[in-house]
Participant: 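Shown below is the structure under consideration.
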Number of protein chains: 2
Amino acid sequence: MSDKVTIATVAERAGVSRQTVSNVLNAPHIVREETRRRVQDAITALGYRTNQAARQMRTGRSRLIAVRIEPTRDGINGSVLDRFLHGLTETGEAAGYRTMLYTATDAEREIAVYDDLLGSYDLDGFVLTGTDHGDPRTSWLAERGVPFVTFGRPWDDLDAHCWVDVDGAAGTAQATTHLLASGHRRIGWIGWPAGSGVGDDRRAGWSDTLHAAGLDPTGLARETVDGIGEGERCARELLARATPPTALVCASDSLALGALQAVRATEPAVPVIGFDDTPVAAAIGLTSVSQPLGDAAARCVDLLTAVLDGPHRTPAPVLLQPTLVRRRTA
Amino acid sequence: MSDKVTIATVAERAGVSRQTVSNVLNAPHIVREETRRRVQDAITALGYRTNQAARQMRTGRSRLIAVRIEPTRDGINGSVLDRFLHGLTETGEAAGYRTMLYTATDAEREIAVYDDLLGSYDLDGFVLTGTDHGDPRTSWLAERGVPFVTFGRPWDDLDAHCWVDVDGAAGTAQATTHLLASGHRRIGWIGWPAGSGVGDDRRAGWSDTLHAAGLDPTGLARETVDGIGEGERCARELLARATPPTALVCASDSLALGALQAVRATEPAVPVIGFDDTPVAAAIGLTSVSQPLGDAAARCVDLLTAVLDGPHRTPAPVLLQPTLVRRRTA
DNA sequence: TTGTACGCGTTATCAT
DNA sequence: ATGATAACGCGTACAA
């Protein structure tokens with residue numbers, strides 16, 4: 001096994017000083033063409049790689065970004081984060097950043113992790129997922145000037161920080177429009193309790209679309225915590241109405257899956273549309289709204305690197321459009 | 001914002017030398033009790049955290065482990081890796097290691113990533129998933145003395161390196177035994193082509209169990225690449241036999257899902273059992289073999305840290321037992 | 001283009 | 001047995 005290759009090794013081989021090698025790496029334009037090439041050749045020949053720890057000591061930057069990996073909850077929605085993570089890692093690599101993982105069970109503990117990660121590893125930035133009203137994490141980071149991007153809007157103030165999100169309202173609007181086009185007039189909603197940014201957004205897409213079509217959504221919505229059982233319960237409630245909905249739009253695939261159980265025996269079939277286009281949806285033929293997660297991850301990296309590498313201005317937020325994936329159920 | 005807290009800050013505050021602080025951290029037993037406490041207090045009061053980059057410069061160790069995150073394929077099996085990753089991160093944190101992610105599309109490129117990660121970040125170790133016969137990655141790492149653990153056996157030589165795995169054969173044996181106990185005698189198998197370690201292992205559990213019960217599995221197996229469509233096709237083939245199987249065991253939930261489509265109309269119902277207990281299985285009530293992924297991840301960390309922190313001997317491999325999760329389909 | 005100091009924790013050496 | 005001092009690892013900032 002060959003000895004460790006440092007900048008000194010390269011410098012010796014190329015017949016220049018260590019500093020020149022550093023210049024070739026970090027400011028190639030100030031090095032004479034011929035020298036630059038000689039140094040480059042030496043780097044390639046020796047297989048030199050910058051020692052990030054040493055670089056970090058001087059620059060204070062680690063070229064590391066961190067993201068939280070959540071425990072699989074009901075399992076269905078877990079794959080969303082999974083796909084996002086993969087995109088993040090891939091795009092990050094291309095931009096010269098490595099992705100570090102951490103876990104945390106609540107916001108307070110997550111902040112403690114930030115503190116540790118920042119202190120011990122000099123993390124360059126964070127990608128947060130699933131923001132909500134009054135998120136303590138973003139304020140903690142912002143106060144300390146730590147670069148971060150959220151996948152999810154800062155619901156209280158859209159200019160609070162740098163973010164990427166998918167337009168949930170547009171997604172449920174697409175779903176609702178699709179059902180309207182099929183002739184449905186009483187379209188029900190199964191979603192989450194008011195107060196969560198994501199939930200309210202998705203619900204708004206449904207109700208606004210009905211309003212725009214001159215229809216009244218009153219009484220056609222049910223709200224509950226996420227879960228298959230809950231989805232089924234809500235769907236049964238809606239179907240038991242005097243004037244039951246003839247189609248259902250749901251805030252998640254879990255809820256939609258439950259709803260499907262409830263409508264199984266109805267005649268004619270009650271279409272159901274879910275949200276997230278999870279593997280479960282694909283497997284059972286559930287029509288669902290698909291988020292461009294790879295894109296979202298890529299834009300997160302773009303924004304974060306813009307903050308890190310560029311001047312100190314906040315890049316414009318990014319709102320991506322989801323698409324409706326039509327399958328058996330609608 | 002307070003200044004950066006280094007060992008010097010702590011030393012000053014505690015009225016000792018930098019060296020003493022270092023000793024308190026790395027060799028507490030050689031420091032006088034009273035001094036130790038005073039230094040500890042200063043560390044807590046100042047919120048000191050060792051700068052990993054500086055430590056790494058001296059020790060050559062980064063307290064970082066790396067694992068590959070794979071692109072979501074058919075999406076169903078993706079959640080397996082997801083759960084494993086979470087466990088790995090969690091257990092790693094507890095042991096003082098951080099988890100770094102990387103992507104790679106094939107073994108050759110993955111090796112190139114090892115090289116980079118080792119050269120640039122001084123990675124302490126790797127966790128590999130999904131080993132197979134003649135895996136080039138393990139030999140590359142072993143040749144260079146890089147610590148690693150695989151989640152998956154080294155199929156060619158069980159003593160080749162340190163590994164953790166789940167006993168797939170025991171899982172399919174459980175599934176088969178369960179069906180035998182329900183009175184089935186012609187139990188079919190839908191799996192992957194011979195030659196893959198994991199696939200052969202799972203198939204062996206099925207065929208060995210039938211043999212042990214004095215039954216002949218000949219003609220009752222179908223092999224194909226993974227996927228819902230393929231599962232359905234194989235199931236139809238099996239059901240079209242003169243003496244069709246009355247129950248099916250599958251090598252994955254994807255295959256089982258396809259098989260379920262094929263048996264939908266059969267009377268009496270043909271039980272189907274999948275493998276991996278994915279969220280999809282839970283959602284649709286598919287009986288499936290569940291791998292203890294959290295445990296597996298934890299044991300991977302245990303083994304890796306044993307190699308890293310302890311003397312240079314290879315810890316004994318770990319073979320975990322899966323469990324059959326009974327649901328509607330069997 | 002080059003010399004030199006520097007960042008921060010650890011290891012080796014020396015003093016008490 | 002402790003504690004203090006000096007050197008070291010590697011890449012970079014700044015002045016020469």
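The analysis underlying the following values was restricted to heavy atoms, covering all of them including side chains, and did not include hydrogens, waters or symmetry mates. Every chain is numbered from 1 and lettered A, B, ... according to where its sequence line falls, protein lines coming before strand lines.
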Participant: So if I apply the side chain to side chain contact (heavy atoms under 4.5 Å, CB included) rule between A/Y97 and each of A/T91, A/L88, A/L64, A/T305, which one comes out positive?
Facilitator: A/T305
Participant: Mind checking if B/V31 touches a base, just sugar-phosphate, or nothing, with heavy atoms under 4.0 Å?
Facilitator: sugar-phosphate
Participant: How long is the line joining NZ of A/K4 and C1' of D/dC8, in whole Å?
Facilitator: 13 Å
Participant: Respond yes when some side-chain nitrogen or oxygen of B/T20 is under 4.0 Å from OP1 or OP2 of D/dA4, and no when none is.
Facilitator: yes
Participant: For the pair B/R38 and B/D41, find out whether any cationic side-chain nitrogen is under 4.0 Å from an anionic carboxylate oxygen.
Facilitator: no
Participant: Could you tell me how far apart B/Y121 (OH) and D/dC10 (P) are, to the nearest whole angstrom?
Facilitator: 17 Å
Participant: When the distance from CD1 of A/I43 to P of D/dG11 is rounded to whole Å, what number comes out?
Facilitator: 10 Å
Participant: Can you check the A/N26 CG to D/dC10 P distance for me, whole Å?
Facilitator: 17 Å
Participant: Would you say a side-chain N or O of B/N23 is under 4.0 Å from OP1 or OP2 of D/dT2?
Facilitator: no
Participant: Measure across B/D132 and B/W155 and return the closest heavy-atom pair with its distance rounded to 0.1 Å.
Facilitator: CA-CD1, 3.9 Å
Participant: Going by atom types only, do A/Q56 and A/Y121 share a side-chain donor-acceptor pair under 3.5 Å?
Facilitator: no
Participant: For A/I30 and D/dT12, give me the distance from atom CD1 to atom P, rounded to whole Å.
Facilitator: 12 Å
Participant: Both B/A53 and B/V16 contact DNA chain D. Taking the nearest nucleotide for each, which residue is further toward the 5' end?
Facilitator: B/V16
Participant: Is the shortest distance from a Lys or Arg side-chain nitrogen in A/R98 or B/D116 to a carboxylate oxygen in the other one below 4.0 Å?
Facilitator: yes
Participant: For B/D115, is there an ion pair with B/R144 - N to carboxylate O distance below 4.0 angstrom?
Facilitator: no
Participant: Please identify the 5'-most and 3'-most nucleotides of DNA chain C with any atom under 4.0 angstrom from a heavy atom of chain B.
Facilitator: C/dG7 to C/dA12
Participant: Does B/E33 pair with B/R36 as a salt bridge, N-O distance under 4.0 Å?
Facilitator: yes
Participant: Establish, with yes or no, whether the OP1 or OP2 oxygen of D/dC10 is under 4.0 angstrom from a side-chain nitrogen or oxygen of A/T50.
Facilitator: no
Participant: Rounded to whole Å, please give me the gap between CD1 in A/I7 and C1' in D/dA13.
Facilitator: 13 Å
Participant: Using whole Å, report how far CD of A/Q56 lies from P of D/dA13.
Facilitator: 14 Å
Participant: Please tell me which of A/R55 and B/Q19 maps to the more 5' nucleotide of DNA chain C, matching each residue to the nucleotide holding its nearest heavy atom.
Facilitator: A/R55
Participant: Can you tell me the distance, in whole Å, between the CZ atom of B/R32 and the C1' atom of D/dG3?
Facilitator: 9 Å
